[in-house]
Amino acid sequence: MTDSKLKELELIFPEVDKSALLEILISCEGSVSKSESLLIEQFPTVKKRKLNASLQSNIQSLLKNEQSKGLVSTNTTNSNKPVYLYTKKDVENTCSYATIHYNFLPPDLADNVLKFIINDKDGFSSQEFHLFGNKCKSNHCNKLYASKNYDGVYYNGKKSKYKSNFNDDLKIVQVLIEDFVNKLIAERPRLPFQHITKWKGDIALCNRYDTKANDLDWHSDRMTYIGPHCTIASLSLGANREFRIRKMYNSTGSKFNTIYSIPLPHNTLFIMHPGFQEEFKHCVSSSTTLKNHEISNSTRINLTYRNYLSIFDKYLPHCPKCNAQMDLRRSYKLPQSRGNYIWLCTGGYLNKECNGFYWADFSKLGVDSTELSNDEKIKLYTTDSKTASLWIAKDDHEALKHFREKIRLQLRKSN
Ligand SMILES: O=C(O)CCC(=O)C(=O)O
Ligand SMILES: [Fe+2]
């Protein structure tokens, strides 16, 4: 009996771990509806999901798969030397949110794309932005390639124009990557805020690292245009550089956050699946080894394909204080608040520190905009922390513990 009730709750709240659901069910004296109303306060987006039958059945079938294979994130040693992941098995067993595919493209196609990009002298530039009042310049060049003309997307608070259209080879690459990514998405467990329509790779941000000194600091990719639980496919061409990853936060008892180093040889596709941007940071460091490539020597080209979602472009919140565009992030530092998605003002990048802030609200993500009346606008934000969207990773025991405590407190108050 308890089992079937628990299953019912699991279906509606895949983001909450099973033992927490059981505790809540017990404290609600076995009442599913009481447990639900309590959990809905924490996960307001679920109200919508409950009505969406197709998504329900999807979650049901996918729940059978475990998302987390348990990353080795507890490092109690005195050493923070990177752990090298040289094989597909090493990478995928270590990080359940990533897959790696060596020799992805037909070799001639990979070589031709590399030649095309290293000879493309048009429009590569390094980004300029402000951080805490200081002017910063990124230490490598990039540009946007796209399948069609785009108005431009925001990057560090500025609208950046796409620079070139895909040539014929890049059009073929787009098709190969889209087919492959969509096949993988269909096979993998689905995370709650993952977009349900087909993944598209019609915009590629191209990073160009000419020498070992060109690098990219630790970061997670902004979800502003691509949404939470996004998929990013990253194709490496030319020189082999190390791609480093580490968890966003330290687990209790660990001295360091283990750094994993993944060498990315020419023609490797590294896919950052839903949960990766939420739970991991990544970088390309200048202190690591570089292996020259016969076509490009020390130059490494990286193309990151991202699925830009029109709902984010259209309803992107603007800062309540200064009206600048806002960036979507997820809080991760404190286990008490880890998992909350937030919108932050990008004014800081343009040297206007205003700290404008909203909670993110994804309850309208699955809504078909044609269902809405003309004056009804989709709001992707809220000022009410109770309706803020939250996702906690299944293996984030600390954040889950705090979440449970919060629920317990609310229960005590409501009794
Ligand atoms: O060059 C790479 O492999 C990483 C690029 C990246 O992280 C980015 O563009 O956000
Ligand atoms: Fe990145």
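Indexing begins at 1, ligand by ligand and atom by atom, following the structure's order.
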Considering only heavy atoms of [X], which atoms of ligand 1 have at least one such atom less than 4.0 Å away?
| X | result |
| --- | --- |
| Phe243 | 3 (O), 4 (C) |
| Leu205 | 9 (O) |
| Tyr209 | 1 (O), 2 (C), 4 (C), 5 (C) |
| Asp221 | 10 (O) |

Practice task
Would you indicate which of Asn207, Ile232, Thr304 comes nearest to atom 9 (O) of ligand 1 when only heavy atoms are counted?
Solution key: Asn207
Practice task
Assess whether atom NZ of Lys291 is packed by more than 12 heavy atoms of other residues, nucleotides or ligands within 6.0 Å.
Solution key: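 Open.
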N/O donor-acceptor pair under 3.5 Å between [X] side chain and [Y] backbone:
| X | Y | answer |
| --- | --- | --- |
| Asp120 | Phe116 | no |
| Asp210 | Thr299 | no |
| Arg246 | Ile259 | no |
| Glu278 | His229 | yes |
| Arg404 | Ala399 | no |

Completion exercise
Atoms of type N, O or S from protein under 2.8 Å of the Fe ion (ligand 2), total 3
Handout entry: Ionic contact status for Lys200 with Glu178, cut-off 4.0 Å
Key =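 Looking at Lys200 together with Glu178, the answer is no, because their closest N to O distance does not fall below 4.0 Å.
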Problem - Note: Arg241-Asp215 ion pair, threshold 4.0 Å (strictly below) - result: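 Asp215 and Arg241: not salt-bridged.
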Using heavy atoms and a threshold below 4.0 Å, how should the contact between [X] and ligand 1 be classified: side chain, backbone, both, or neither?
| X | answer |
| --- | --- |
| Arg241 | neither |
| Leu216 | side chain |
| Phe270 | neither |
| Glu242 | neither |

Practice task
Run the contact test for Arg306 against ligand 1 with a 4.0 Å cut-off on heavy atoms, strictly below, and give the result.
Solution key: yes
Exercise for the section: Indicate yes or no: does an N/O atom of Ser236 lie under 3.5 Å from an N/O atom of ligand 1? Expected result: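 Such a contact does not occur with ligand 1.
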Exercise for the section: Check Ser298 against Asn292 and note the closest heavy-atom contact, atom names and distance. Expected result: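 Reported closest heavy-atom pair: CA-OD1, 3.4 Å.
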Exercise for the section: Check the pair Lys379, Tyr315 against side chain to side chain contact (heavy atoms under 4.5 Å, CB included), reporting the backbone distance first and the verdict last. Expected result: CA-CA 7 Å; Lys379 254 177 53 191; Tyr315 300 108; over 6 Å; no
Exercise for the section: Starting from the C-alpha separation in whole Å, work towards a yes-or-no answer on side-chain hydrogen bond (donor to acceptor under 3.5 Å, both in side chains) for Asp361 and Thr387. Expected result: CA-CA 7 Å; Asp361 175 1; Thr387 60; 4.8 Å; no
